[in-house]
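Input: a single structure, listed below in structure tokens.
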Amino acid sequence: MTKRFNPGLAQTSRRNVLRGTVLAGAAAMTGGLASSANGAGRRTSVPPLRGAAPQFLQAEAQAQAEAAPVDLSGYTRVKQELVAPPFAPQHEQVASGGPKIVEIELITEERLMVVDEDTGAEIWALTYNGSVPGPLIIVHEGDYVELTLRNPTDSQMEHNIDFHASTGALGGGGLTHVFPGEETVLRWKATKPGCFTYHCAPGGAMIPYHVTHGMNGAIMVLPRDGLKDGDGNPLRYDSIAYIGEQDYYLPMDENGDYRTYELAGDDYADSMDAMRTLVPTHSVFNGAVGALTGDNALRAKVGETVLMIHNQANRDSRPHLIGGHGNYVWETGSFTDAPLTGIESWFVRGGSAMAAMYTFEQPGVYAYVNHNLIEAVLLGATAHFVVDGAWDNALMEQVVAPHSFET
């Protein structure tokens, strides 16, 4: 069976081609992510500036070699056990002690996932730790994140990671390229409090390909003294609901049925065509239609405060909690800014994560939706909160039940 490390390309040197994608960031700045200049109709994941990669890598390696070593004395090491969405890892809302080195591990997993059971739509999802979105990471301002990124030997592709919360080297993307059977360790300092996206960015057309195949997630960098309102008063939450909104562009055949593929990467050429339409076939929460409804609905109780963290790595979104509100909303994701208050719907910029806090006041089922209701109802961007507790007639009461009337 042929391993497809660089789908869409003719046979070539695997290491040379894949290492060359480190220049994707530079290519993007010059408008060169898709290589149309290499020939009409030819699809390639190699960015136009690939030829300069050795010099780029050599200069970056030299700069690191000449940099002063980091003094990590006084930092304690802790290991954060990451958990699958929509849950959050154990963490302190207010940091105790000094800054820490938070060790985490992400394993790139290429797995066949069902997107919609009703239609049989499926995708070879590219994931961190097997989930769409990747797990939520939580640290505090001033902490170091020390990531071990591992790419299993049975993978078909190269992977890496770009942390929007970090500084330099394409968000770490330039230092974390791993082939199947490789691992790397990256350490970076969390200097900006807020919610941020992370995603895979191997280079060229592989950047949108990986992101729209599920390879993205969020990290929350809490202020050391916790969240606060606009007047500096502390804000606490009882739980976190981590929601990753994912747009998929699944190829269809001439009959309108979703195509199936044997291996991750086999859909590359067809996916490129589907992605160029800019029209998603699905827009879902946490990887699949119904992933957060029915038996998978989020749970809460009256009086509980939930921090909703919403990540969208590729497209704009506008969440709304039907029957509730955003008591406090950090719409840009930045915790250095005072939160908005009393918001009905909020905005998630493509390529970002944000947070909204709400204290539930009534029991029942609340729908959390992308308020482009076409995407919510027809494409799958809906989640449910099932809230237990006593009903409060002072907030809402059905005065007269529906009944027929005389004309």
Side-chain angles (χ1 to χ4, degrees), residues 1-9 11 14-15 17-19 21-22 24 43-46 82-85 104-116 120-135 147-162 172-173 176-184 186 197-218 244 246-251 258-272 274-275 280-282 284 286-288 291 311 313-314:
M1 183 177 294
T2 302
K3 290 183 76 66
R4 293 166 174 81
F5 294 101
N6 51 348
L9 292 177
Q11 290 298 315
R14 165 176 161 256
R15 182 163 292 272
V17 169
L18 295 180
R19 285 299 188 204
T21 62
V22 75
R43 298 185 181 89
T44 173
S45 63
V46 182
L82 301 179
V83 298
I104 60 172
E105 180 179 272
L106 291 176
I107 299 173
T108 65
E109 181 181 344
E110 303 163 3
R111 57 182 296 244
L112 189 62
M113 287 180 51
V114 175
V115 175
D116 187 350
E122 63 183 29
I123 189 171
W124 274 100
L126 308 179
T127 76
Y128 296 107
N129 288 12
S131 66
V132 178
L147 163 72
T148 297
L149 182 66
R150 183 173 297 119
N151 192 353
T153 56
D154 60 354
S155 291
Q156 303 298 305
M157 298 180 224
E158 171 199 16
H159 299 291
N160 73 339
I161 190 164
D162 165 11
T176 54
H177 288 257
V178 284
F179 300 122
E182 290 185 342
E183 66 177 28
T184 187
L186 176 74
T197 285
Y198 65 79
H199 63 88
C200 191
M206 281 298 186
I207 299 173
Y209 178 85
H210 282 233
V211 170
T212 60
H213 279 64
M215 210 159 192
N216 58 83
Q246 181 65 52
D247 49 320
Y248 290 126
Y249 303 79
L250 304 187
Y258 291 106
R259 296 183 182 273
T260 59
Y261 301 89
E262 182 183 359
L263 293 172
D266 282 354
D267 69 339
Y268 178 78
D270 293 336
S271 288
M272 287 294 104
M275 288 159 55
T281 56
H282 301 80
V284 300
N286 290 32
N311 177 67
N314 198 56

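Atoms considered below: every heavy atom in the structure, side chains included; atoms not considered: hydrogens, waters and symmetry mates.
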For the residue pair [X] and [Y], what are the closest heavy atoms and their distance?
{"X": "Pro180", "Y": "Ser155", "value": "CG-O, 3.5 Å"}
{"X": "Thr176", "Y": "Ile161", "value": "OG1-N, 3.1 Å"}
{"X": "Met275", "Y": "Tyr209", "value": "CE-N, 3.7 Å"}
{"X": "Tyr128", "Y": "Pro135", "value": "O-CD, 3.4 Å"}
{"X": "Gly173", "Y": "Asn160", "value": "O-ND2, 2.9 Å"}
{"X": "Asn286", "Y": "Ala291", "value": "O-CB, 3.4 Å"}

Do [X] and [Y] have side-chain heavy atoms sitting under 4.5 Å apart?
{"X": "Tyr198", "Y": "Asn311", "answer": "no"}
{"X": "Thr212", "Y": "Asn314", "answer": "yes"}
{"X": "Glu110", "Y": "Gln156", "answer": "yes"}

Subject >> Between Tyr268 and Asp266: side-chain donor-acceptor atoms closer than 3.5 Å >> reply: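 Absent: no donor and acceptor within the cut-off.
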Original post:
Do Asn216 and Gln246 have a side chain donor and acceptor closer than 3.5 Å?
Top reply: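 Distance-only check passes for Asn216 and Gln246.
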Original post:
Got a second to check how far Asp162's CG is from Met215's CE, nearest 0.5 Å?
Top reply: 12.5 Å
Subject >> From Met272 atom CE to Tyr249 atom OH, the distance as rounded to the nearest 0.5 Å >> reply: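 Between Met272 CE and Tyr249 OH, I get 11.5 Å after rounding to 0.5 Å.
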**OP:** Indicate yes or no for a side-chain donor-acceptor contact from Thr127 to the backbone of Glu109 under 3.5 Å, with no hydrogens or angles considered.
**Re:**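 Yes; at least one donor-acceptor contact below 3.5 Å.
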**OP:** Look only at the side chain of Ser131 and the backbone of Ala84, and say whether a donor-acceptor pair between them is shorter than 3.5 Å.
**Re:**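 Not at all, since once roles are kept as given, no pair shorter than 3.5 Å links the two residues.
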Subject >> Qualifying residues under side-chain contact (heavy atoms from CB on, under 4.5 Å), relative to Arg259, sequence neighbours excluded >> reply: Pro251, Asp253, Glu254, Tyr261, Asp270
Subject >> Qualifying residues under ring-ring contact (aromatic ring centres under 6.0 Å, His included), relative to Tyr248, sequence neighbours excluded >> reply: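 Once residues adjacent in sequence are excluded, Tyr248 has no partner under the ring-ring contact (aromatic ring centres under 6.0 Å, His included) criterion.
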**OP:** Apply salt bridge (charged side-chain N to carboxylate O under 4.0 Å, His left out) to Glu105 and list each qualifying residue two or more places apart in sequence or on a separate chain.
**Re:**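 For Glu105, the residues satisfying salt bridge (charged side-chain N to carboxylate O under 4.0 Å, His left out) (neighbours in sequence not counted) are Arg150.
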Original post:
Would Leu250 and Ile123 count as a side chain to side chain contact (heavy atoms under 4.5 Å, CB included) if you check the C-alpha gap in whole Å, the side-chain angles of each, and the deciding distance to 0.1 Å?
Top reply: CA-CA 7 Å; Leu250 304 187; Ile123 189 171; 3.7 Å; yes
Original post:
In a check of side-chain contact (heavy atoms from CB on, under 4.5 Å) between Asn151 and each of Thr108, Thr184, Ile107, which one passes?
Top reply: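 Between Asn151 and the candidates, side-chain contact (heavy atoms from CB on, under 4.5 Å) is satisfied uniquely by Thr108.
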Original post:
Is the His199 to His210 ring centre distance short of 6.0 Å?
Top reply: no
**OP:** Go through the steps for Glu182 and His177 under the test side chain to side chain donor-acceptor pair (under 3.5 Å), then give the verdict.
**Re:** CA-CA 9 Å; Glu182 290 185 342; His177 288 257; over 6 Å; no
**OP:** Would you please test Asp267 and His213 for side chain to side chain contact (heavy atoms under 4.5 Å, CB included) and show each step?
**Re:** CA-CA 11 Å; Asp267 69 339; His213 279 64; 2.8 Å; yes
Subject >> side chain to side chain contact (heavy atoms under 4.5 Å, CB included) between Leu82 and Ile104, worked out >> reply: CA-CA 7 Å; Leu82 301 179; Ile104 60 172; 4.2 Å; yes
